[in-house]
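Scroll down for the structure; my scribbles are underneath it.
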Amino acid sequence: MVNFNSSEKNINGKESIGKPFEEKLYGWPYNWWRLMDNYKIGVIPLPLFIIAGILICAEVLVTGKLPSEIVVMVVTCAFFGFLCGEIGKRLPIVGKMGAAAICATFIPSALVYYGILPTPIVEATTKFYKDTHILYLYICCIIVGSIMNMDKRTLIQGFLRIFAPMLCGEIVGMIVGVGVGYLLGLTPFETFFFLVLPIMAGGVGEGAIPLSIGYATILGMEQGDALGRVLPIVMLGGLTGIICGGILNRIGKIYPHLTGNGRLLPASKDDDSMDKKSAKPEMAIDVTTFASGVLLAAILYMVGMIGHKLIGLPAPVGMLFAAVFVKLVSGVSPKVLSGSQVVYKFFQTSVTYPILFAVGVAITPWERIVDAFTITNLIVIVCTVVSLVTTGFFVSKALGMYPVDAAVISCCQSGQGGTGDVAILTAAERMELMPFAQIATRIGGAINVSVSLLILGNFLV
């Protein structure tokens, strides 16, 4: 609730000194302000939310189409994204286990498939998402902001230590997945290459598509057929990862000593105390500093793009390394660091659910998820992901890390690439872990795909 304090005049022209207007002032516009401040859908005040819905409906009904320009799509994605997220949050039991992220992604996908969401909205959202690549802006602001918010010790040791639970989790997950598939009557070859490996392949662009190309070349399959078999498994694995992320969040709330709430390592007394002291006075930033934070994220992403063209490293990963370098050498001032942190907070709170809605509409085919939803596939996928996450939990605990937060990174190993990372970290309420999640999905996935295809090619030869 927002309080408007001293030197405000009430409706009789007298000043209300020292007390919020809610206690003394009534009528227009104070009751309207109370309604805006006290009732919200996501971050949107309820009156504005209703007005947004009316305007979207009016545009579609009157003109028969919806412009895909950014102004209209900000309103549209915010309206539907926060609506779906609010539905998920209010579900009993599962509402506290990541249902908001699941609903924001998969309700739009189902609405598109069953023809409930109007075609103009679907077409405009899809065009906007694919033309603007808005997801990359979101990811770069989240990654840069979260890295700039870390102390250097956590940054260095976190990246060094996270590989052990990741590797152990993958090994155990593969063994368990293949074993469960064998017990259910599947061959180890089929289970590993068409169920287990797609889960850990790193999503669609870096995982499912390279796998389908490799299978087409090595196994003599049509790439479309291979992709049709692999893609649904990637999505179901991502869905399982979202659920596991939500469960881990609940475990962290019940057992606070197991989590750092977005930190991988316990803090020590000498954790960059000078950086913290210098950054603290600068937290009251102005608009230009906020803009500098956005520009810093965009510049670092461009560095990643150039790295991708030169050495083939995925642009988000190249950007991540560039951001780490800037942080370690103190390449930007504490004020700009603060600006990056505010940019991170803005995108985390205000852009996540609209992005998930666009992802659900544009690139999440509901029919493929349904087709792969067999009992056998489901059992293998759940056992693989749960064993992967559980191993990450206990290995990280043995290494002195916060097991809940490290296990959330293990969840991201089964995620649907960058979009999966967003959904999983949203469900886990730990968006600060995005840099580590990108390592898990992109680098981990690329290694899994490359090594597995190399082994498959040599095995068949």
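Residues: numbered from 1 along the sequence shown.
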Heavy-atom distance under 4.5 Å between the side chains of [X] and [Y], does that happen here?
X	Y	result
Y344	M434	no
K130	I363	yes
L195	T384	no
V395	M166	no

Non-hydrogen atoms of [X] and [Y] that approach each other most closely:
X	Y	answer
E170	L388	N-CD1, 3.5 Å
A427	I242	CB-O, 3.6 Å
I139	M319	O-CE, 4.4 Å
G173	S387	CA-OG, 3.3 Å
S68	F128	O-CD1, 3.6 Å
C84	I107	SG-CG2, 3.9 Å

Verify whether one side chain among [X] and [Y] offers a donor that lies under 3.5 Å from an acceptor in the other.
X	Y	result
E432	N149	no
R161	S396	no
T426	Y353	no
K152	S330	yes

Look up atom [atom1] in [X] and atom [atom2] in [Y], then write down how far apart they are to the nearest 0.5 Å.
X	Y	atom1	atom2	value
L66	I121	CG	CD1	6.0 Å
L35	L46	CG	CG	6.0 Å
I147	Q341	CD1	CD	12.5 Å
M235	S109	CE	OG	7.5 Å
L399	L265	CG	CG	10.0 Å
T217	L456	OG1	CG	10.5 Å

Measure the acute angle between the ring planes of [X] and [Y], then classify it against the limits of 30° and 60° as parallel, tilted or perpendicular.
X	Y	value
F80	F357	parallel
F436	F159	tilted
Y136	H133	tilted

For the pair [X] and [Y], find out whether any cationic side-chain nitrogen is under 4.0 Å from an anionic carboxylate oxygen.
X	Y	result
R90	E86	yes
E429	K253	yes
D405	R430	yes

### Task
Starting from the C-alpha separation in whole Å, work towards a yes-or-no answer on ring-ring contact (aromatic ring centres under 6.0 Å, His included) for F82 and F49.
CA-CA 9 Å; F82 285 115; F49 181 83; 8.5 Å; no

Whether over 12 other heavy atoms sit under 6.0 Å from [X] [atom1]:
X	atom1	value
F192	CZ	yes
L91	CG	yes
M36	CE	yes

Are any side-chain N or O atoms of [X] and backbone N or O atoms of [Y], one a donor and one an acceptor, separated by less than 3.5 Å?
X	Y	result
Y402	H257	no
T125	V361	no
S414	C411	yes

